[in-house]
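For reference, the structure discussed in these notes is given below.
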Amino acid sequence: VISTAPPQQTADLFSGVVPCAQDIETIAMKPCITLMLAGDEDIDLDVNAVSFEGHPVLGWFAKNHSKPGERGDAYSFTIQANAQWSDIYKDDARDLDKKNRVAQDIKSALEDALGVAFKGIGYENLHGWLYASAYKREGQLPYFWDESLQIGACGDWCMGPRIECAFLSAYELDKIL
């Protein structure tokens, strides 16, 4: 049995049965509020992605349509708030009465930071992940495995904050099975 659920849920599933549940329980996760936009106009910007260090709201921005293989006639953007701001507004992002304000705050912060204006946006979606990225675990295996019970866990939270960490964690666990 392998769990790929976030560490809090995995620890609950394994509690009282799998010894590593106590270790998994200590893994702290950071939230992330993400705004996804799509429309029929690009923004005038010379870069395709920006990582924001120390910005009060923003963490990451990407022009998704600039990735190889994407359609050239549709424009899509991803804007991620930083972990600290996301932690403060994570409940508002899930509240239907406050969600639009959160989305507007993120969009305005990006427009101000980059000196751009979004036009022709036909799609807008705000999503808040409570378990978006783990604090880095130094010197640990990229998965959890109990040989005697044949039960384990893997995920990005075992290695780092990116989707490729989820793949690598599963890949490393698969190598010992």
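At least one side-chain heavy atom of Ile43 sits less than 4.5 Å from a side-chain heavy atom of Phe61. You'll find the side chain of Gln22 stays beyond 4.5 Å of the side chain of Cys20, heavy atoms only. Inter-residue side-chain proximity for Phe52 and Leu114 is flagged as met; some heavy-atom pair is nearer than 4.5 Å. At least one side-chain heavy atom of Pro19 sits less than 4.5 Å from a side-chain heavy atom of Asp146. Looking at heavy atoms from C-beta onward, Leu58 lies out of side-chain contact with Gln80 at the 4.5 angstrom threshold.
Taking a cutoff of 4.0 Å between a charged side-chain nitrogen and a carboxylate oxygen, Arg101 and Asp105 qualify as a salt bridge. The existence of a salt bridge linking Asp87 and Lys30 is excluded, since no basic side-chain nitrogen approaches an acidic carboxylate oxygen closer than 4.0 Å.
Using modelled atom types, one side-chain atom of Lys63 and one backbone atom of Leu45 make a donor-acceptor pair closer than 3.5 Å. A donor-acceptor pair under 3.5 Å is absent between the side-chain atoms of Ser169 and the main chain of Ala166, judged by distance alone. Without hydrogens or angle criteria, His127 side chain to Thr34 main chain gives no donor-acceptor distance under 3.5 Å. Judged by distance alone, with hydrogens and angles left aside, the side-chain atoms of Thr10 form a donor-acceptor pair with the main-chain N or O of Ala5 at under 3.5 Å. No side-chain donor-acceptor contact under 3.5 Å links Glu25 to the backbone of Gln8. Of the possible polar contacts, none joining the Trp85 side chain to the Ile33 backbone as a donor-acceptor pair under 3.5 Å is found.
The aromatic rings of His65 and Phe77 stand perpendicular to each other, their planes meeting at an angle above 60°, with 30° marking the opposite boundary. Using a 30° and 60° split on the angle between ring planes, Trp157 and Phe144 fall in the parallel class, below 30°.
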Decide side chain to side chain contact (heavy atoms under 4.5 Å, CB included) for Leu37 and Ser76; before the verdict, give the C-alpha distance in whole Å, the side-chain angles of both, and the deciding distance to 0.1 Å. CA-CA 6 Å; Leu37 305 171; Ser76 62; over 6 Å; no
Working note: Lys107 + Leu35, criterion side chain to side chain contact (heavy atoms under 4.5 Å, CB included); need CA distance, chi angles, decisive distance, verdict. CA-CA 8 Å; Lys107 188 167 37 171; Leu35 178 61; 4.0 Å; yes
Pair Leu130-Arg94, side chain to side chain contact (heavy atoms under 4.5 Å, CB included): steps then yes or no: CA-CA 10 Å; Leu130 294 177; Arg94 295 171 174 271; 3.4 Å; yes
Could you go step by step and tell me if Asp44 and Val116 meet the side chain to side chain contact (heavy atoms under 4.5 Å, CB included) rule? CA-CA 7 Å; Asp44 186 23; Val116 298; 5.7 Å; no
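The hydrophobic cluster containing Phe118 also contains Val50, counting ILVMFWY residues as joined when their side-chain heavy atoms lie under 4.5 angstrom apart, directly or transitively.
Side-chain atoms of His55 and Asn82 include no donor-acceptor pair closer than 3.5 Å.
Ile106 contributes atom CD1, which lies 7.5 Å from atom CD1 of Ile79 (distance to the nearest 0.5 angstrom). The OH atom of Tyr143 sits 8.5 Å away from atom CG of Leu177, with the distance rounded to the nearest 0.5 Å. Separation of atoms OH (Tyr89) and CG (Leu126) is listed at 13.0 Å; rounding is to 0.5 Å.
When all heavy atoms of Ala132 and Cys32 are compared, the pair lying nearest together is CB-CB, 3.4 Å.
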